[in-house]
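To start, the structure itself, in structure tokens.
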2 protein chains.
Amino acid sequence: MTSSGTRADAGLATGLRISVSRLARRLRVERTAPGQAEPVLSDTQFAALATLEKHGAMSPGELAGHERVQPPSMTRVIAALEEWQLVTRAAHASDRRQVVLTVTPAGRELVARARRRRDAWLARRLNELTPQERATLRAAAPILEKLSQS
Amino acid sequence: MTSSGTRADAGLATGLRISVSRLARRLRVERTAPGQAEPVLSDTQFAALATLEKHGAMSPGELAGHERVQPPSMTRVIAALEEWQLVTRAAHASDRRQVVLTVTPAGRELVARARRRRDAWLARRLNELTPQERATLRAAAPILEKLSQS
DNA sequence: TATTGTTATACTCTATAACTATA
DNA sequence: TATAGTTATAGAGTATAACAATA
């Protein structure tokens, strides 16, 4: 029956939406370590740094587009990241209007530490599951990824 | 081998973290309908309303605790929800310091509409998957739920 | 005195508008 | 003229501190 299939998917959609939203919120909390001797970045600051670390050097305008914020907002984000010496600014080779942003080794390390921290939290939780539950999640991860891209 | 098992989980943690975070972000976008003739609530306002709708009448202090914001912040959230006639305030029966918040039918409807909108988006995406992929997600949902609670 | 909630105030984040420098 | 970026300014959202009402 088509209607039963649709109804089953409606239930699946609700359940999946709730569980995915909750887990994401829980993961976000783990972004910063409590009482760590490292600058506490805001969501946008961290996301910008991570994007720069992943995609390599780019201009403030490109980075603003990536992060879906307006250029003036990115200006302030960059100023903070620069003050903490997580990124550096350089003049563009041929177009002197443009600025080229590059992640410093310290910035790269901060991103890596934050990732390790969240992965470690999740890995600990995963270790409490049965092998079969882990197998299910291993199969589910790429499907979830596909869903977010559509 | 223990080390290989651990390494596999580390990879699973990273992949699952990324896919769950991305899907949650995509779902959050669907909270508001474009160009709808209904008030556009902020994340906190919507979350507070949804909590009240789910758990029933409670005081501002309790609601602030639920949503992990400070009482003064909740005061402002409630003022907005009250202005849009999504919640009502009443005096507590025995303790006159307290205020009792209740969702109005309009508030209940707004929450239901937002849920239906997000569920509909996700259900459409799920319909594009194979039956086997849906089965995997059906098995994964409760496991994800369990992870977020630990 | 302790508790509940509100008001006063400040800080952070983001946006739009106006400006500067360069193409 | 158009583009890249910054500065000026305003509007949300949230926090802490101080206050009022009630227990």
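Throughout, a chain's letter reflects where its sequence line sits, starting with A, and its residues are numbered from 1. Computed from a predicted structure; not experimentally measured.
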Detail all sub-3.5 Å separations between protein N/O atoms and N/O atoms belonging to nucleotides 13-17 of chain D.
unit_1: D/dT14; atom_1: OP1; unit_2: B/Thr44; atom_2: OG1; d: 2.3
unit_1: D/dT14; atom_1: O4; unit_2: B/Arg76; atom_2: NH1; d: 3.0
unit_1: D/dA15; atom_1: OP2; unit_2: B/Gln70; atom_2: N; d: 3.0
unit_1: D/dA15; atom_1: OP2; unit_2: B/Ser73; atom_2: OG; d: 2.7

In the structure I gave you, are the side-chain heavy atoms of [X] and [Y] within less than 4.5 Å of one another anywhere?
| X | Y | result |
| --- | --- | --- |
| B/Leu122 | A/Leu12 | no |
| A/Ser59 | A/Val99 | no |
| A/Leu101 | A/Met58 | no |

Backbone N/O of A/Glu145 and side chain of B/Ser19: donor-acceptor pair under 3.5 Å: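 Flag not set: sc B/Ser19 to bb A/Glu145 has no pair under 3.5 Å.
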Check: B/Glu82 side chain, B/Ala79 main-chain N or O, donor-acceptor pair, under 3.5 Å: no
Side-chain N or O of B/Thr75 closer than 4.0 Å to phosphate OP1/OP2 of C/dT6: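 Checking B/Thr75 against C/dT6: at least one side-chain N or O falls below 4.0 Å of OP1 or OP2.
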For A/Arg97, side-chain contact (heavy atoms from CB on, under 4.5 Å) partners two or more places apart: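 Here the qualifying residues are A/Asp95.
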Lys/Arg N to Asp/Glu carboxylate O, B/Arg134 vs B/Glu128, below 4.0 Å: no
Lys/Arg N to Asp/Glu carboxylate O, A/Glu133 vs A/Arg138, below 4.0 Å: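 Looking at A/Glu133 and A/Arg138, the cut-off is not met.
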Residues from residues 91-100 of chain A lying under 4.0 Å of DNA chain C - heavy atoms: A/Ser94, A/Asp95, A/Arg96, A/Arg97
Common cluster, B/Val100/B/Val77, ILVMFWY with side-chain heavy-atom separation under 4.5 Å: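 No: no chain of side-chain contacts under 4.5 Å links B/Val100 to B/Val77.
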Strand contacts (DNA chain D) in residues 49-67 of chain A, 4.0 angstrom heavy-atom criterion: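 The answer is A/Ser59, A/Pro60, A/Gly61.
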Dot-bracket summary - DNA chain C, pairs being Watson-Crick or G-U whose distances fall under 3.5 Å, with | when paired to another strand: |||||||||||||||||||||||
Residue pairs, two or more places apart or on separate chains, that pass side-chain hydrogen bond (donor to acceptor under 3.5 Å, both in side chains) and touch residues 65-79 of chain B: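 Residue pairs passing side-chain hydrogen bond (donor to acceptor under 3.5 Å, both in side chains), neighbours aside: B/Thr51-B/Glu67.
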